[in-house]
Structures are given as structure tokens and as C-alpha cells.
Amino acid sequence: MSVFSVLPIGPFDRGFSYEFDGDLQVGDIVEAPFGSRTIVGVTTDEKPTADIELKKISKVFGLNIGETNYDFLKWVADYSMIPRGMVLKMILAEKAVFGTNKIAKASSLLTNQSEDQGIKNDPQFCGLKTNEGITLNASQAAAYQKIVENGARPFLLNGVTGSGKTEIYLSAVRDVLAQKKQALILFPEIALIGQIVKRVEKYFGFRPFVWNSNITPKNKRIAWLKALSGEPCVVMGARSALFIPFKNLGIIVVDEEHDSSYKQEEGGFYNARDMAVVRGHLRKIPAILSSATPSIESRVNAENGKYGYAAVANRFGSSKMPEIHLIDMRQVKADGFISPALIKAIKSAILKGEQCLIYLNRRGYSPIVLCKSCGDKIACPNCSGWLVYHKNIDKLICHYCDHRIDIPRKCLACGEEGSYIPFGPGVERIFEELQKKLPETRIEIASSDTIASAKNIDKLFEKIANNEVDIIIGTQIFAKGHHFPNITLVGIIDGDLGLSGADIRAAEKTYQLVNQVAGRAGREEKQGQIFIQTFSPDHSLYVALKSDNPDDFIKMEIESRKNNGMPPFSRLAAVIVSGTNRELTEKVAKKLGESRPRGAQIFGPAPAPFFLLRGRTRWRFLLKSTEKKSLNRVVKRWLSVQKIPKNIKIQIDIDPISFL
């Protein structure tokens, strides 16, 4: 009998020793008894313990995640301070692939891979179209050539909206497939994937695998096993796709790399964009970061020579950048939430047979309801947030824990009958206003409430493409990446939403969002028009946008970060203490604060701005260091000597982007 160390799926940071009559390699996927249950795990490179009576490995699956994927597991766990077993859970896609004891043989699943996918996925079977379909103009060709010359280093592809960045990185993907290797393309939103899937089919002659929460477990198993087999394929998915154990990965693309959706904030905290760069480095393959509005972190890395870089300054073909109009809402006497100037522009576009996108990143009808008698607002009992009114279903809903109630008939504070009224606009209220002012128009709402499934997304996009919709009212789910040539007008209802606050990236995020939303307009021959309603038209962001010098704004933001010693010129780590017992949680947080670690500035403990979340009270620490490599050691050393009660939860967020 030989002894092996096995890392199980779960909150474990080390392997456990087991016996097995045979030879195993690091990364072999096995099943073994663990207490009263059976666990799935992988063999590790840790030294096993052989001087005690050991249980035996009960099953070997005949699959190995591979040396590079095992190294990636350790790197992500160590850097992001997530237990290794939780990273393994993502790599093994536990619920989809190893969630039951009924996993089929790999050969059987791969043989039947086309059953649910519609057409064959194998580029070898279909015959790769090496040049057909992708046509690059001079600017695109120059950017593509820089990617080729950049080799295995990370690469920042910065192109204005509509410049054809997708065709540039798909050209690089084509090269990888021609070498019989695999490709991974990441997207921040599920809704972005559908249109790119169709382009891959058109250019390469096969359908890529799709990986997100809408995909069936069977199709996930097929994609996972295909990736593990090493056979050529393309996988397109959300951030979790980064952990698929590809055997022969040749390129990683992170589309819309600036998007905060790449940051995982439930369970273990990690940034999929940054981890994609790490995976590319470990595999010695290129990681292409693509965006019209790159993050400041990526810009600085490109300026410092850590990343290769190419800029595409013009839109593809004859399309021009849209004209920007600022509507000073301080001077507007509006009947509702849409200014007369914007209504007039919408009417003009529709009369010409064109389509409009009206953007407001607020789901529901109104963000709060209040009593018109005493001003009382209804908060969620489980979270530090107001209940949002959804008129379509006549419910008040918490967008954090999904707590739902009917609107009370009497005010909960003063007892006034029928006194609660909606305050402020959501997309449903904008829909209602447009219906009243433009009754003949065809209007659709595009939010996570209306297009949650892939089927609904495809149905709406088909209607838009067929000009069966005049006005789309969209949240951020519709703000980026989509290509609808007949959308010529974009109206932003609240240009100040998110422009201020304690978030160091508030202005940067608003700049990115405005540019992404504006990029939906005038993507082909027709000139686009952007109308931004704002109470702050003199803000430096809008001054830069109006003068067509957005880079000036970004330079100011970079300089401000540098002067204040904020990322990317330093590193941050957040420690969140939470519990259901309010007094105990505060006591533990303050006790932690008494043993402040050396080697970093530490701020806190302080009540989190979002103090109550899903019934748990929360306190926060923020650690800051200019010694980028030492911050993790400081946090680990500090927390390792603390005695934390079992009912108190400690979460560590390395490189936080949310401070709530």
C-alpha cells in the first residue's frame, strides 16, 4: 500500500492522508471516505502522514487536472487567501460535474457532445475556416500584429466602441486553433455571449461551448471533459469558466476587462481578470484584455511595460463616434423624469425609423416608497437597504436578500391610510412615462427581471434586430458589447448615478459606463446621438467627454491615485467581520483592532456602510501597503493568532473594489 495526500473539495487548506494500492500522480481525481461521508478531491504534492492508521481511497476516476492547473489552484488560493479546497470546488465544477455519483464515462459524454449543443463543437470534425469571414482594416491588422509579436505576455487591447476589437482577438484565437490548441473567452455578463457565439460559428464553422449558470449540468460536463481531454475547442463563459481544467490551453481573452462583474464577492473573493493574467503566465500563453475603457490598473501596467498594448482609435467601416449632448437638469422644468429635449430627440429618431436606448441602472418602478404624511421609508428587516417597489408584480423587494412584502395599507410609523407613494425612478417607471408621452411606440425593458434566461435574451435581441422594438429601456445588462446597427440614440436618465461616494473608483466607473452605453449608438453608417441628463454638467468627466478628450480625465484620475497612494500604486486588503449576534460581532471586531499588525496601515474597525446584510451585522477593516508582495503575509500573520468564535465569520478581500 502506498500513502497519498488528498485535497478534498470544501473549506480545507491542506490534504489528508489516504492509502491506495497502486500508483497515483499529483492532480489525479479520486473519491475517498471523509468522516461519515464520501468526498471528491485531488492528490497533492504535500508529504502524507504514514505513521497512523489510514482510510483507503475508494475510487479513482481516471482523470487528472494537470500540473499547470494544480499550480494555478495553489496560486489563486494563496494570493486571494481562499482555502485550497474551495478553489478545487471551482476547478472540478462540483455541482455540474461531480455533484452526484452518476457521472458518466468521459468517452460516452464526448461521443454524444452534439446532442444538446445543436451542431458539432469539434473544429477538427468541422474543418477550421482559417481565414474565411474575418476581415481586418489597417488599424485592426496593426493591433493584431502587435498581439502576435507580443508572444506570451499579457496584452491590453484598447479600442473605441465599434472599432472591431472582437475580430482582432478572434484572429488570435484562430491562430491558436490552427495549432490544435484550446481557447477561453471570458465575458462579464451572460447576455453578451450570444452575439459572439454567432460570430464564432460564422468565422470558424463550429459552435463554441458556452459556460454559465444557464447551461445544463450535462452540457457543462461535456464542455469540462472536452477541455480536460486537450482536444481543440473554444469555451466562452462568465468568470467561473476561468477554472475549467484545460489540458492544452493556448489563449485567454478577457472581454470588457474593466468590468467589476469579474470580481467574485460571494464565498471566496477573487478577480477573474487578474487571475486570467496569472493563468496565462503559468501556462506561458497570452492573456488578452480587451476594452474600450480599460481599467486604470491595466492602463498603468501597459504604460509600465508589463503588458503589451495596442489602441484602435476609429470605428470600423464608415461609422463615426456619436455626438454628446449634456442636458443640465438644473435648468429643466420636466414633467416627469425625462427632459423635453430628450423626448424631442426620441421622437425625431423614431420618425426616421431608428431605434433608441434609454439607460437607467435601477431595476423596478422606484428605488423607495415613502409616506407622504410623515416621510417614513420601508427598509429591509435583513439588510441595510430600502425595499424597491416593483409595480409589475405589486411587491416591495430587497435586491440583496429577496425579502418581499406587499405595500402596507397603513403607514408603519404614523398609521396614515394609503399614504405610501413611490419616490424616484426605476426602469418600470420610465417605461410608464414613455408609454404616456409616446403612446404609439413599441417599448421593451431589458433588465435582469425581464431577460434572466438565455431564451428571453435571444428573444428580445431578435426583436430588436428585426426592428420590432422602437425603444429599449435598459440597465447595465444592456450597456455593453451589443451590436444593433439601428440604435442611433442613447439617453442616459441619471448621469450622476454613481458619480460620487466613498468608492475610489466612483468617477472611473461612471466614465466607463457612460462610454459603454454611448457606444451602443450609431455603430454603422448612421450618426449616433448621446443625451446625458445631469445635475453636474461641469464635472471634470463631462468636461472631458464634451471636449472629446476623455484621456485627459483618465490622466487626472491616475495622477490623483498616485498622489494619494491608492491602487495601482499601493495594495489594499479588506477584512470583514460578520455575525448574527450584534454585540458579539462588535466585540470581536474591536478585539481584532487591539492587535494591529505591523507592516501595513490599518483603518478600522468601523461599521460597514452596508451594516446589515442578510441578517448579519458587519464590521470592516482596510489594510494598505506600498509593499505589494508583503500585504498577504501581514493579513495571514495577523489573523492566524486570533481566536474567533465559531458563529463569527471572517472574510478576506484582497484588492477590493467594493467598500460596502
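We count residues from 1, following the sequence as given. Only heavy atoms go into these numbers, but all of them, side chains included; no hydrogens, no water, no symmetry mates.
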Asker: Can you name the nearest heavy-atom pair linking S298 to E257, along with the distance?
Answerer: OG-OE1, 2.8 Å
Asker: Counting heavy atoms not belonging to F569, are there more than 12 under 6.0 Å from its CZ?
Answerer: yes
Asker: With a 4.0 Å cut-off, would you call D653 and K263 a salt bridge?
Answerer: yes
Asker: Crowded around Y400 OH? As in, over 12 foreign heavy atoms under 6.0 Å?
Answerer: no
Asker: Under 3.5 Å, is there a donor-acceptor pair linking the side chains of T488 and E354?
Answerer: yes
Asker: Which atom pair, heavy atoms only, marks the closest approach of P208 to E201?
Answerer: CD-CG, 4.4 Å
Asker: For residues 330-351, which residue pairs pass the side-chain hydrogen bond (donor to acceptor under 3.5 Å, both in side chains) check, not counting sequence neighbours?
Answerer: D328-R330, S339-Q533
Asker: Taking atom types as modelled and ignoring hydrogens, do the side chains of S139 and N137 form a donor-acceptor contact shorter than 3.5 angstrom?
Answerer: no
Asker: Name the one of F187, Y169, F155 that satisfies side-chain contact (heavy atoms from CB on, under 4.5 Å) with V253?
Answerer: Y169
Asker: Output yes when a side-chain donor or acceptor of H539 lies under 3.5 Å from a complementary backbone atom of L541, and no otherwise.
Answerer: yes
Asker: Salt-bridged, K459 to E444, with N to O below 4.0 Å?
Answerer: no
Asker: Would you kindly say whether Y389 and D394 are connected by a side-chain donor-acceptor distance under 3.5 Å?
Answerer: yes
Asker: Are the side chain of N304 and the backbone of K306 linked by a donor-acceptor contact shorter than 3.5 Å?
Answerer: no
Asker: Can we say R505 and E297 salt-bridge, meaning some charged N sits less than 4.0 Å from an Asp/Glu carboxylate O?
Answerer: yes
Asker: Establish, from distance only, whether the side-chain atoms of R273 and S295 form a donor-acceptor pair under 3.5 Å.
Answerer: yes
Asker: Does the distance from a Lys or Arg side-chain N to an Asp or Glu carboxylate O, for E432 and K391, drop under 4.0 Å?
Answerer: yes
Asker: Assess whether a salt bridge exists between E433 and R429, defined as any Lys/Arg side-chain N lying under 4.0 Å from an Asp/Glu carboxylate O.
Answerer: no
Asker: Can you list every pair that meets ring-ring contact (aromatic ring centres under 6.0 Å, His included) and has a residue in residues 428-451, with sequence neighbours left out?
Answerer: none
Asker: Give the minimum heavy-atom separation between T510 and G495, together with the two atoms involved.
Answerer: CG2-O, 4.0 Å
Asker: R618 and L660: which non-hydrogen atoms are nearest, and at how many Å?
Answerer: NH1-O, 2.8 Å
Asker: At their closest point, which heavy atom of W211 faces which heavy atom of S240, and how far apart are they?
Answerer: NE1-OG, 3.3 Å
Asker: For the backbone of G565 and the side chain of S570, can you confirm whether one donor and one acceptor N or O come within less than 3.5 Å of each other?
Answerer: yes
Asker: Salt bridge or not between D494 and R362? Use side-chain N to carboxylate O under 4.0 Å.
Answerer: yes
Asker: Could you verify whether a donor N or O on one side chain and an acceptor N or O on the other, from N467 and N486, lie under 3.5 Å apart?
Answerer: yes
Asker: Does a side chain donor of either D376 or Y420 reach within less than 3.5 Å of an acceptor in the other side chain?
Answerer: yes
Asker: Determine the minimum heavy-atom distance between A272 and R239, stating which atoms define it.
Answerer: CB-CB, 3.5 Å
Asker: Just by distance, with hydrogens left out, do Q476 and Y359 show a side-chain donor and acceptor under 3.5 Å apart?
Answerer: no
Asker: Any chance you could lay out the salt bridge (Lys or Arg N to Asp or Glu O under 4.0 Å) test for E428 and R363, step after step, and finish with the verdict?
Answerer: CA-CA 7 Å; E428 291 178 14; R363 293 163 49 205; over 6 Å; no
